[in-house]
**Q** 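One structure coming up, written as structure tokens, with questions to follow.
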Amino acid sequence: MSAVKTAPQRRTAPLASTQQPKAQITLEEWEARAPLSDLALRSVATVQAASEKVPLPLKSSIEDADTSRPSTPNLRHATAKLGPGSRPSTPGLIVARSLSSHALDPKHPVQTPQQFYDWFAQIDRSVAHSQEAHFRAHVAVLADHLDTADMLLERIDEIEQEVDGMLEGWKKVEWSGKNIKDACEQLLEERDTLLELTDEVDARLEYFQELEHATRMLNHPGESLVLQTDFLYMVERVDICIEYLKAHRYFKEAEVYLLRFQQCMTRAMTLIKMFFVGSLRALTADISKRLSEKDVSVTAQTHLLYTRFRSVTPQLGPLLGELERRAAVHPDELSALLSECHSAYFSARKSLLIARLMEEIKGLDPTRTELVELTNAGCTYLKQLCTDEFFLFREFFNSGEDQLYAYLENLCDYLYDDLRPRILHETKLTTLCEVCTVLQALMVLDIAEFPDESPDELSVDLDHPKPRGLDRLHISHLLQMVLQDAQTRLFFKAQSVIQADIRNYIPKPEDLAYPDKLLAARKPAPQFDMKEKGSSSRLFQLSSLDKKETWYPTLQKTIWVLSQLHDYVKPPIFEDIAQEAISLCRQSLVSSAHILSQRNAATSTLDGELFLVRHLLILKEVANNLAISEKDAQPRADLSGMTDTLTSVLSKTTAFLPEALFASLGMPRMHDNIPDSRRDIDQDLKRACQSVISLCSKPLCEPLREWVDKVLAFNASRSISPHPSQPNPLLTEQPWARQPIAEGLHKKFVEACERDLRIFVTKLRLYLEDSRTVAVLLTHVKDAIVDGYMTFQDTVRNMYAGVLKSVVFSEDSLKEWVGTICDGQ
């Protein structure tokens, strides 16, 4: 078999050098990206099936396909030439024909063995060649296929070279286009930059060019220049240019232009000021001429003073608003012009109002009119006048509140010059309080007219005045000077009353007529003076106010003075004077109670202590109300009087312990941080309550205590006898320690309780009135009595071995029996 021609290797065309390597695509990716249709798939399957069956070589015989040995070439060729239905001819003829026609036939007859061998070798080679024909045919097919594949590879390489060339060309075009695009964009950016630069230069030049326009307008002034529409527009532009140049001082010649613009602004604002002052003078002269005429009614005066002034505000208001706005921005240059406008306005108003104001004050007749009436009428008139002036001023200006209030205070001084001496020389405390009431009522009405204000502004604080503005008129600022004078005079007058009627008060016999005054108060009497009751402050509306006639005069005076001062002086001042008044009242009560106790020590000692307890409880309640008022500034709506002070004892222990009693009375300990006056009241009240409990319980248990002390002393003397050989005497053999004596002491105790304890209970109810208040003290009185008697009971039972068990009280029976007496049964 001849050697098979080896297929040439595939030559790859060199690719153009690129920056990025060529992407490799796998067979699976190729099939996924380029899927074949059904017809293509069927065509591929048909080609595959046909290629699997390789045909036989063309030179092979069909008949010899299944034979293992080939036939004689001459015979095979001869047979092949015969048809299937033909008859073979004569062999000799066939041989002759084959010898004459076949290439293997010997050219010469075979004569020698060597010729035969040569011919046979040729036949053998021919047979071998015939047997290898299908191989050669297959090799030829493969060679054709390889040639076709080589041709295809060459075409592919040529195509790749063409594609690479196209890619290189495309890249060159893309790069060139990008360069052109970048160059175009750069040119566009440069053009935009130049346009923006041109616009910015034009915008900056506009600020500088505005100076020529403003200067040209201001160089041709006239009376109507400020009324032109372009004037305010020019002023606005100049203001904008000034602000711009201040923010860009680094511009060339910016300082020079800034100075010139400021000069233009000053000239413009000066024109506004001159026009306003000229208009105001002309208006004032016209109104003064009309007011000087005879028979001008009040309505006409009001029309001239206010309506005529308001008629020019549409023309002057916008101009003054521009001046105020510029003066707020440039105070160094323009505040003086605005101040001149304010001064001109106030001078004009004052020249028109002074004559009318003096006439009104003269009509009030300050020398003869009552102080309260003068204060009410004068301050009401001034309030209305100041309100009208405030609203008129607000239509012209939006600033200048300090100058406005100075002007209004000047108007008020015409009345205050007559009102202040009357206040400072007033001697009646009630009159001063009424003056303060009138002034505060005007302030309250001022708040009511402007409900947006906080209620806290009702209180006048002269040390820390609230900021004022043109949103509303603060009448309190104008009235606070008179109110301060009235409060000062009220304070000093209250101090003199406290010194004269409380500290230096000398009691009269009828002032200490206790308990007769209390008994007389229980009888039916005419209704109490409700006017005097209603005049007290809400802070001092005590529950026992209907029995005010039974109070000691210094207590009445203290509550009256404090009720007068509470609503009219500042809290720190009121606190100081209240502490002083309460302290002096307490001292007067203590001294009066001592005088009452000294009248008859046998019967009046308890009266004196109950007198002190009664009044100290009321005074303590007043002090407590003051403390509550200082914390929340709201007085209690329902005060339960003396009962509230002692109610808490009902839930405490009933043992007679002074500290427990004092704690139940709501009295703090000594180290508590409370004012001195309240602490002194607590101390005196503690001592008085302890004295009352002792005076009610000690007389009843004193005989029992003395007898028990003798028994204890006798037992003590027996234990330390100096002669041990002598027999100790028995306690029951002593004359004073026999059983009948003990029974007699028990009976005397029962009789004393039946007699004296009822009297004590009656006096407690007479002085303290309220049943709960009395029950608080009676609880401790009963505890003291039970404690004293139980000591006697223990001693008797130990001495007589329970013989008197049926005679003496047990603890429960004693409490029940004493409680029955205290309850009045």
Side-chain angles (χ1 to χ4, degrees), residues 203-284 312-349 393-407 467-471:
R204 286 165 172 78
L205 286 177
E206 288 181 0
Y207 294 100
F208 293 89
Q209 294 170 356
E210 188 66 29
L211 178 63
E212 182 181 358
H213 174 70
T215 305
R216 185 169 57 252
M217 177 176 287
L218 293 174
N219 286 338
H220 299 82
E223 294 182 357
S224 61
L225 176 62
V226 296
L227 300 180
Q228 295 180 5
T229 306
D230 295 340
F231 177 77
L232 293 181
Y233 176 75
M234 180 270 296
V235 172
E236 183 68 25
R237 293 294 301 168
V238 169
D239 193 11
I240 294 174
C241 293
I242 291 175
E243 294 298 329
Y244 181 80
L245 291 177
K246 283 184 177 180
H248 302 82
R249 291 181 179 269
Y250 54 88
F251 286 173
K252 186 177 181 180
E253 298 184 0
E255 295 293 338
V256 176
Y257 276 87
L258 177 60
L259 180 61
R260 292 180 180 178
F261 275 120
Q262 290 176 346
Q263 291 175 352
C264 292
M265 178 62 70
T266 304
R267 290 178 60 186
M269 295 299 104
T270 303
L271 291 176
I272 292 177
K273 187 264 295 183
M274 294 175 60
F275 181 78
F276 171 72
V277 173
S279 302
L280 195 63
R281 287 176 180 174
L283 182 63
T284 304
V312 299
T313 54
Q315 187 181 50
L316 299 178
L319 298 176
L320 293 175
E322 293 294 329
L323 177 57
E324 286 179 325
R325 188 159 65 90
R326 279 14 180 247
V329 179
H330 313 288
D332 297 336
E333 297 85 2
L334 304 178
S335 59
L337 296 177
L338 183 59
S339 298
E340 291 179 8
C341 293
H342 290 156
S343 300
Y345 174 84
F346 293 134
S347 298
R349 294 300 302 173
F393 178 81
R394 194 169 64 176
E395 294 188 15
F396 283 91
F397 299 96
N398 292 322
S399 62
E401 60 270 11
D402 294 334
Q403 296 87 337
L404 173 62
Y405 277 92
Y407 162 70
R468 305 185 304 274
L470 290 183
D471 55 341

**Q** Please report the shortest heavy-atom distance between Phe261 and Tyr207, naming the atom on each side.
**A**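 Heavy atoms of Phe261 and Tyr207 come nearest at CZ-O, 3.0 Å.
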**Q** Looking at every heavy atom in both Thr284 and Leu280, which two are closest together, and how far apart are they?
**A**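 For Thr284 and Leu280, the tightest heavy-atom pair comes out as OG1-O, 2.7 Å.
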**Q** So, taking the atom named CD1 in Ile242 and the one named CD in Gln262, what distance separates them when rounded to the nearest 0.5 Å?
**A**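 Rounded to the nearest 0.5 Å, the CD1-CD separation comes out at 5.5 Å.
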**Q** Can you tell me how far the CG atom of Leu259 sits from the CD atom of Glu253, to the nearest 0.5 Å?
**A**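 One finds 12.5 Å between CG of Leu259 and CD of Glu253.
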**Q** Report yes if some heavy atom in the side chain of Ile240 is under 4.5 Å from a heavy atom in the side chain of Glu243; otherwise report no.
**A**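 Side-chain contact under 4.5 Å: no.
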**Q** Going by heavy atoms in the side chains, are Phe346 and Leu404 under 4.5 Å from each other?
**A**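 With C-beta onward as the side chain, the pair touches.
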**Q** Between Leu258 and Leu245, what is the shortest heavy-atom contact and its length?
**A**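 Here Leu258 and Leu245 meet closest at N-CD1, 3.7 Å.
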**Q** Among all residues two or more places apart in sequence or in another chain, which pass the ring-ring contact (aromatic ring centres under 6.0 Å, His included) test with His248?
**A**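 With sequence neighbours excluded, His248 shows a ring-ring contact (aromatic ring centres under 6.0 Å, His included) to Tyr244, Tyr250, Phe251, given in chain and number order.
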**Q** Measure the CG-CE distance between Leu337 and Met269 for me, rounded to the nearest 0.5 Å.
**A**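 Interatomic distance, Leu337 CG to Met269 CE, rounded to 0.5 Å: 8.5 Å.
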**Q** Might you point out which heavy atoms bring Leu218 and Cys264 nearest each other, and give the distance in Å?
**A**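 Reported closest heavy-atom pair: CD1-O, 3.5 Å.
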**Q** Tell me every residue that passes side-chain hydrogen bond (donor to acceptor under 3.5 Å, both in side chains) with Glu395, counting only those two or more places apart in sequence or in another chain.
**A**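 Here the qualifying residues are Arg310.
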**Q** Just jot down the side-chain contact (heavy atoms from CB on, under 4.5 Å) partners of Ser343, sequence neighbours excluded, or say none.
**A**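 Scan of Ser343 (side-chain contact (heavy atoms from CB on, under 4.5 Å), adjacent residues dropped) gives none.
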**Q** With sequence neighbours excluded, what pairs up with Ser347 under the side-chain contact (heavy atoms from CB on, under 4.5 Å) test?
**A**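 Testing Ser347 for side-chain contact (heavy atoms from CB on, under 4.5 Å), a comparison that skips the adjacent residues, returns none.
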**Q** For Tyr407, give me all partners under side-chain hydrogen bond (donor to acceptor under 3.5 Å, both in side chains), at least two apart in sequence or on another chain.
**A**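 Result, side-chain hydrogen bond (donor to acceptor under 3.5 Å, both in side chains) vs Tyr407: Glu389.
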**Q** What pairs of residues pass the ring pair (Phe, Tyr, Trp, His ring centres under 6.0 Å) test when at least one of them lies in residues 312-338, not counting sequence neighbours?
**A**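 Every pair satisfying ring pair (Phe, Tyr, Trp, His ring centres under 6.0 Å) with a residue in residues 312-338: there are none.
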**Q** Give me the atom names and distance for the closest heavy-atom approach of Val238 to Ala214.
**A**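 Shortest heavy-atom separation between Val238 and Ala214 comes out as CG2-CB, 3.8 Å.
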**Q** Apply side-chain contact (heavy atoms from CB on, under 4.5 Å) to the pair Leu319 and Leu323, showing each step before the final yes or no.
**A** CA-CA 6 Å; Leu319 298 176; Leu323 177 57; over 6 Å; no
**Q** Going by salt bridge (charged side-chain N to carboxylate O under 4.0 Å, His left out), name the residues that satisfy it together with Glu212, two or more places apart in sequence or in a different chain.
**A**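 Per chain and number, Glu212 pairs via salt bridge (charged side-chain N to carboxylate O under 4.0 Å, His left out) with Arg216.
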**Q** Which residues pass the side-chain contact (heavy atoms from CB on, under 4.5 Å) test with Val312, sequence neighbours left out?
**A**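 Expected list: Leu283, Leu316, Phe396.
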**Q** Compare all side-chain heavy atoms of Leu227 with those of Phe275 and state whether any distance is below 4.5 angstrom.
**A**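 In short, these two side chains touch, coming nearer than 4.5 Å.
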**Q** Looking at Glu210 and Cys241, would you say the former's side chain and the latter's main chain have a donor-acceptor pair under 3.5 Å?
**A**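 A pair under 3.5 Å: no.
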**Q** Quick one: side chains of residues 228-237, donor-acceptor pairs under 3.5 Å with protein atoms, not counting sequence neighbours, listed by atom name and distance.
**A**
unit_1	atom_1	unit_2	atom_2	d
Glu236	OE1	Arg325	NH2	2.9
Glu236	OE1	Arg326	NH2	2.8

**Q** Which pairs, with at least one residue in residues 255-274 and sequence neighbours excluded, count as a salt bridge (charged side-chain N to carboxylate O under 4.0 Å, His left out)?
**A**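 Those involving residues 255-274 are Arg249-Glu255, Lys273-Glu340.
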**Q** I need the Thr313 OG1 to Arg394 CZ distance, nearest 0.5 Å.
**A**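 One gets 13.0 Å once the value is rounded to the nearest 0.5 Å.
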**Q** Which residues pass the ring-ring contact (aromatic ring centres under 6.0 Å, His included) test with Phe276, sequence neighbours left out?
**A**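 For Phe276 the ring-ring contact (aromatic ring centres under 6.0 Å, His included) partners, ignoring immediate neighbours, are Phe397.
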**Q** Only counting residues at least two apart or in another chain, list the ones meeting side-chain hydrogen bond (donor to acceptor under 3.5 Å, both in side chains) with Arg204.
**A**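 Expected list: none.
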**Q** Indicate yes or no: at least one non-hydrogen side-chain atom of Met217 is less than 4.5 angstrom from one of Leu225.
**A**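 Met217 vs Leu225: side chains touch.
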**Q** Work out which heavy atom in Ser399 is nearest to a heavy atom in Leu338; give both atom names and the distance.
**A**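 Where Ser399 meets Leu338 most closely, the heavy atoms are OG-CD2, 3.8 Å.
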